[in-house]
Amino acid sequence: MLQIQRIRQEPETIINGLKKRGVDASQTVHDLLEIDGQRRAIRHKMEEKQARSNALAKEIGTLFKSGKGAEANSLKNETGLLKQDIKDLSEELHTLEEKEHTLLLTLPNVPHPSVKAGKDETDNEEVSRSGDIPSLHEDAKPHWDLASDYNLIDFELGVKISGAGFPVYVNHGARLQRAMINFFLDENRGAGYTEYQPPHFVNAASGYGTGQLPDKEGQMYEMPLDGLYAIPTAEVPITNIFRDEIVNAADFPIKSTGYTPCFRREAGSYGKDVRGLNRLHQFDKVEIVSITDPSNSYALLDEMVAHIAGLLDKLELPYRVLRLCGGDAGFTSALTYDFEVYSAAQQRWLEVSSVSNFETFQSNRLKLRYRDENGKTQLCHTLNGSAMALPRVLAALLENHQTPHGIKIPKALAEYTGFDIIK
RNA sequence: GGAGAGAUGGCAGAGUGGUCGAAUGCACUGGUCUUGAAAACCAGCGUACCGAGAGGUACCGGGGGUUCGAAUCCCUCUCUCUCCGCCA
């Protein structure tokens, strides 16, 4: 959520920035400024009456104590009137506050200056590319065939137990999953991230904190009996560790990591990219979350990008890094880099990581602050990224490293799997 | 599932109608003392909004009510804890 103070200070910057997303915010900003002005005027008026009422109440108390009951009672006339006024004003104030809040929720984050205007993924900029795209032998297969040939993943079994999009990993497939989780967590820990094992269900307050609610309400699995939501990413519970906190600036950057399964309803995306591991209702992901002060957040974003690149290098996968254009970046993001690995048999790029700086967009909702050098509280910048989403990494590993003799496991990962080839 | 207790500042914990944004202790920050440290002593120490400032307003889990006046009384919701039962 954008800060109203910022909209007051630089409405034009915000309107122009949002144009890069293809969003025309001029009407909303205009309405917000008007409502905000009214709100503050009414608040001021109400506070004046409250001050008067407080003073009178004090006076009445003193008068009663000194036995001047008649005088005290005469003052009560005025307080009665004030009371009604205050009630009316406060109702008006609440209405305006609600309107303002509702409007604020509709505005996405303002893109960073480096973000290009654009409509969708076709307008994203490739900023780097690494690794060689393998030339596969003639009988090379897509990962869903490999998964079944080598008995690694049983999609039909998942359908029986739960439904489409809930694969069952078996034997070497299951072990590979477990190995990747440990590999990623160890690498992240080695880079200074504190490891967490957070809850997989969160309450509504947490959903609002990171912006899943109300923006993406229908994307989360919901347990209405208990008022809980299955997390769509570890970002939600891990970032909410810091909700309503004033963190110590000396601890910056605060770096956290955690593995969780992720649950997504993927409503409205049936039939699109659902083959194999490309899009699932439940998948495993290791997430990194960082918190720092505004002056260092973009350097930290670069550091996170470099860290993720290092992971893909160790997995010996070809990848490219994209800077998302305004229209393709998420609602809450100021700047997002996507990592895509090349899946050689499908002959397409698969998104395996998305790294974003949210600036104060999340922390404003989270009330996540630090104290600056003057002792004033300021909103932190929050960032996060996948390091790494497992299914598509697995898909690329299987496809790219297949040989006529079996599927080779990259050296870094083989230390975790205990085997270096799947036959 | 049954029974009970509770929700107050970073933490612990007082406060049952006015002078309470709130005692006290711990923690934290600054200072005195000390070769240094500890101890002791002194001072400071919640958040948000409005205001140039003085200052004002709100907040004692959320919402509503009683009252001139509510942390304190009433209603209601939520959450937490303890004991019993069941159970990984």
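Letters go in sequence order (proteins before strands), and every chain restarts at 1. All values reported here derive from a predicted model rather than from experimental measurement.
Look at A/Lys87 and you'll find a side-chain N or O under 4.0 angstrom from OP1 or OP2 of B/G65.
Among the heavy atoms of the strands, none lies under 4.0 Å from A/Lys367. Counting any heavy atom pair closer than 4.0 Å across all strands shown, A/Gln5 reaches sugar-phosphate atoms only and no base atom.
Spacing of P atoms, B/C50 relative to B/A12, comes out at 32 Å, to the nearest Å. If you take atom P in B/G56 and the same atom in B/C20, they sit 15 Å apart, rounded to whole Å. Comparing B/U24 with B/U78, their P atoms are spaced 37 Å from each other, to the whole Å. Of the C1' atoms belonging to B/G9 and B/A5, the separation is 23 Å, rounded to the nearest Å. The same atom, P, is picked in B/G4 and in B/G63; the two are 28 Å apart, to the nearest Å.
The pairing partner recorded for B/U66 is none, the criterion being a Watson-Crick or G-U wobble arrangement whose two distances lie under 3.5 angstrom. Under the Watson-Crick and G-U wobble criteria, each requiring two contacts below 3.5 Å, nucleotide B/C49 is paired to B/G56. A 3.5 Å limit on both hydrogen-bonding distances identifies no Watson-Crick or G-U partner for B/A22. With a cut-off of 3.5 Å on both pairing distances, the Watson-Crick or G-U wobble partner of B/A40 is B/U32. Using the Watson-Crick or G-U wobble rule with both distances under 3.5 Å, B/A88 pairs with nothing in any strand shown. Here B/U78 sits opposite B/A7 as a Watson-Crick or G-U wobble pair (both hydrogen-bonding atom distances under 3.5 Å).
The CG-P distance, from A/Leu56 to B/U67, rounds to 17 Å in whole Å. Rounding to whole angstrom units, OH of residue A/Tyr370 and P of B/U47 are separated by 15 Å. To the nearest angstrom, P of B/C49 lies 14 Å from CG of A/Leu93. One atom, CG of A/Asn203, and another, P of B/U80, lie 9 Å apart when rounded to the nearest Å. As rounded to whole Å, 14 Å separates atom C1' of B/U78 from atom CG of A/Asp226. The distance between atom CZ of A/Arg8 and atom P of B/C49, rounded to the nearest whole Å, is 9 Å. To the nearest angstrom, P of B/C49 lies 9 Å from CZ of A/Arg43. Going from atom CE of A/Met46 over to atom P of B/C50 covers 13 Å, rounded to whole Å.
Of the two residues near RNA chain B, A/Asn54 and A/Arg40, the one whose nearest nucleotide lies more 5' is A/Arg40. When each of A/Arg369 and A/Gly80 is assigned the nucleotide of RNA chain B with its nearest heavy atom, A/Arg369 is the one assigned upstream, toward the 5' end.
Contact check on A/Arg8 versus A/Asp36 returns a salt bridge, with a Lys/Arg side-chain nitrogen under 4.0 Å from an Asp/Glu carboxylate oxygen.
Two rings, from A/Tyr298 and A/His112, have their centers less than 6.0 Å apart.
When atom types are taken as modelled, the side chain of A/Ser356 and the backbone of A/Phe358 share no donor-acceptor pair closer than 3.5 angstrom.
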Evaluate A/Val159 against A/Phe166 for side-chain contact (heavy atoms from CB on, under 4.5 Å), listing each step before the verdict.
CA-CA 7 Å; A/Val159 171; A/Phe166 292 93; over 6 Å; no

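Aromatic ring pairs are classed by plane angle as parallel below 30°, tilted from 30° to 60° and perpendicular above 60°; the pair A/Phe339 and A/Tyr319 is tilted.
Picking from B/C68, B/G56, B/U47 the nucleotide with the shortest atom distance to the side chain of A/Arg371 gives B/U47. Of all nucleotides listed (B/A58, B/U47, B/U67), B/U47 comes nearest to the side chain of A/Thr377.
Minimum heavy-atom separation, A/Val305 to A/Tyr337: CG2-CD1, 3.6 Å.
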